[in-house]
2 protein chains.
Amino acid sequence: MKEKQVVTPFRSVDHQHSTCLNSVLVTAEHYCQQRGLKLTPLRRRVLELVWKTHEPVKAYDILQTLQAEKKGAAPPTVYRALDFLQQQGFVHKLESMNAYVGCGAPGQHHTSQFLICHICGVVAELDDYDIGELIGSKADSLGFKVSQLTIEIKGVCGSCQAA
Amino acid sequence: MKEKQVVTPFRSVDHQHSTCLNSVLVTAEHYCQQRGLKLTPLRRRVLELVWKTHEPVKAYDILQTLQAEKKGAAPPTVYRALDFLQQQGFVHKLESMNAYVGCGAPGQHHTSQFLICHICGVVAELDDYDIGELIGSKADSLGFKVSQLTIEIKGVCGSCQAA
DNA sequence: CAGATAATGTTATATTATAACATAACATAG
DNA sequence: CTATGTTATGTTATAATATAACATTATCTG
Ligand SMILES: [Zn+2]
Ligand SMILES: [Zn+2]
Ligand SMILES: [Zn+2]
Ligand SMILES: [Zn+2]
């Protein structure tokens, strides 16, 4: 095992999410500023909503919130913002759930493996060298050239097992 | 590396798909007969349609075919059959594509990792011990108990690289 | 055959996502 | 500072994926 990086951990009991959220927003703003990308109010708001918790968020839940805030939001409003955020690496889509989750290493190039607790709903994100490496080598041995990996692991997190 | 099992390989140039398909159908029939499960004409037909090629098939494409065969098919017709076939382990859903693919080891209990060529569309299926093992151990070290794994690998297969 | 169970038919609707075109905001060259 | 192009957003409509709910039919069991 070379490295095991936990991008987004399961939270400790004393997790201060407001700090966590704020740090993500600051990072994203900084990242965009640096490269002339526009983290518009809308995009920023959608990022905030995705990061409202550590659980996956549905596009239409975001839409509902935006509509309640009385902008004239429609599906494209949300999907465009999500596309932007995914392209910049600020959020990830969980393919097996049709839902979105904030990235714990926004803007950093990395692989992702998601651990999803089906009791509490919380998602942890890993950027694990060994897993990518192993899958790459298996694929290689079959003459297959990997370009994109979807790894979503469902189960029960530590605290839910304890309870 | 303990074992690497290829459940559904990328096909050789001389692949005889009619034989391949037939063998799957016979296996499924046998499997159902053995346990008193009913592989009804409808279910059998849907299995055939999923296995029409080695590429992922969309539910609504199956539906279209069924409708053309002038039964009164509706979405539930297809989704119920697919549910049955998935439960028996005859087909798998590719979560990242909302599509379905035939299982190369129908009815056998196994893990799955899918290699999907985005040029030719062909899907290979692995049941690789090491990958499951590694992911399990990583999850373990985080106190996470795995119950279900989604692994979908997109890239370019050998023959498409050659061409 | 009667009653129970499983499978299918049928209609409607929920959920997820994109197409297509109009307008507005913003940038920068002249 | 304006014209002009570009990017972002607004707006309407629709496509694509999936399930709910209830009726009917087929199959099994006693
Ligand atoms: Zn947090
Ligand atoms: Zn990430
Ligand atoms: Zn074949
Ligand atoms: Zn399989």
Side-chain angles (χ1 to χ4, degrees), chain A residues 28-29 32-50 55-88 90-101 121 150 152, chain B residues 28-29 32-50 55-88 90-101 121 150 152:
Chain A
E29 257 159 18
C32 287
Q33 200 129 44
Q34 294 240 321
R35 16 206 124 196
L37 296 169
K38 280 174 279 193
L39 189 64
T40 61
L42 177 58
R43 289 165 173 176
R44 197 193 131 100
R45 182 66 183 130
V46 170
L47 179 56
E48 246 175 31
L49 291 174
V50 170
E55 296 163 39
V57 175
K58 300 290 219 163
Y60 275 73
D61 290 344
I62 294 172
L63 178 56
Q64 267 205 301
T65 305
L66 290 183
Q67 284 172 335
E69 289 166 355
K70 65 177 174 315
K71 337 220 170 192
T77 313
V78 172
Y79 283 105
R80 282 168 183 157
L82 286 173
D83 283 349
F84 173 85
L85 296 170
Q86 285 179 264
Q87 271 162 38
Q88 308 318 320
F90 297 162
V91 314
H92 298 292
K93 180 175 184 184
L94 297 181
E95 299 287 354
S96 65
M97 303 181 72
N98 294 320
Y100 303 83
V101 69
T150 301
E152 298 176 15
Chain B
E29 257 159 19
C32 287
Q33 200 130 42
Q34 294 240 321
R35 11 207 129 196
L37 297 169
K38 279 175 280 192
L39 189 65
T40 60
L42 177 58
R43 290 166 173 174
R44 197 193 130 101
R45 181 68 183 128
V46 170
L47 179 56
E48 246 176 29
L49 291 173
V50 169
E55 296 164 39
V57 174
K58 301 291 218 161
Y60 274 73
D61 289 346
I62 294 171
L63 177 56
Q64 266 204 302
T65 304
L66 290 182
Q67 284 172 336
E69 289 167 354
K70 66 179 172 313
K71 337 223 169 189
T77 312
V78 172
Y79 283 105
R80 283 170 184 154
L82 286 173
D83 283 349
F84 172 84
L85 297 170
Q86 285 179 264
Q87 272 163 37
Q88 308 318 321
F90 297 162
V91 314
H92 298 293
K93 181 176 183 184
L94 298 181
E95 299 287 354
S96 65
M97 303 181 72
N98 295 320
Y100 303 82
V101 71
T150 301
E152 298 174 14

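All chains are named by letter (A, B, ...) in the order of the sequence lines, taking the proteins before the strands, and each is independently numbered beginning at 1.
Checking C/dA17, D/dT11, C/dT10 against every side-chain atom of B/Thr77, the shortest atom distance belongs to C/dT10. You'll find that the side chain of A/Ala59 is closest to C/dA17, out of D/dA18, D/dT19, C/dA17. Listed nucleotides: D/dT11, D/dA20, C/dG9. Nearest to the side chain of B/Pro76: D/dA20. Nearest to the side chain of A/Lys38, among D/dT7, C/dA7, D/dA18, sits D/dT7.
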Under 3.5 Å, sequence neighbours excluded: what are the donor-acceptor pairs made by side chains of residues 39-48 of chain A?
{"from": "A/Thr40", "atom 1": "OG1", "to": "A/Arg43", "atom 2": "N", "distance (Å)": "3.3"}
{"from": "A/Arg43", "atom 1": "NH1", "to": "A/Lys38", "atom 2": "O", "distance (Å)": "2.7"}
{"from": "A/Arg44", "atom 1": "NH1", "to": "A/Glu29", "atom 2": "OE2", "distance (Å)": "2.1"}
{"from": "A/Arg45", "atom 1": "NE", "to": "A/Glu69", "atom 2": "OE1", "distance (Å)": "3.3"}
{"from": "A/Arg45", "atom 1": "NE", "to": "A/Glu69", "atom 2": "OE2", "distance (Å)": "3.0"}
{"from": "A/Arg45", "atom 1": "NH1", "to": "A/Glu48", "atom 2": "OE1", "distance (Å)": "2.5"}
{"from": "A/Arg45", "atom 1": "NH2", "to": "A/Glu69", "atom 2": "OE2", "distance (Å)": "2.4"}

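At whole-Å resolution of the value, CZ in B/Arg43 and C1' in D/dT27 are 12 Å apart. Rounded to a whole Å, the CG atom of B/Asp83 is 12 Å from the P atom of C/dT8. For the pair A/Tyr100 OH and C/dT15 P, the interatomic distance rounds to 16 Å; values are reported in whole Å. Rounded to whole Å, the distance from OH on B/Tyr79 to P on C/dT15 is 15 Å. C/dT8 atom P lies 14 Å from atom CZ of B/Arg44, rounded to whole Å. The CD atom of B/Gln64 sits 10 Å away from the P atom of D/dA16 (whole-angstrom rounding). Across the protein-nucleic acid pair, B/Glu95 atom CD and C/dT16 atom C1' stand 14 Å apart, rounded to whole Å. The separation between B/Leu82 atom CG and D/dT19 atom P is 10 Å, rounded to whole Å.
Sequence order on DNA chain D of the closest nucleotides to B/Lys58 and A/Leu42 puts A/Leu42 first from the 5' end.
Residue B/Asn98 has a polar side-chain atom (N or O) positioned under 4.0 Å from OP1 or OP2 of D/dA18.
Using modelled atom types, one finds no donor on one side chain facing an acceptor on the other under 3.5 Å when comparing A/Glu95 with A/Thr150.
No engagement by B/Lys71 is indicated, since no non-hydrogen atom pair under 4.0 Å with the nucleic acid exists. If you check every strand for non-hydrogen atoms under 4.0 Å, B/Arg80 touches a base.
A donor-acceptor pair under 3.5 Å links the side-chain atoms of B/Lys58 to the main chain of B/Met97, judged by distance alone.
A/Val57 has its side chain out of reach of A/Leu49: every pair of non-hydrogen atoms, C-beta onward, lies at least 4.5 Å apart.
Atom NZ of B/Lys93 sits about 9.5 Å away from atom CG of B/Asp83, to the nearest 0.5 Å.
Below the 3.5 angstrom threshold, one finds a donor paired with an acceptor across the side chain of B/Tyr60 and the base of D/dA18.
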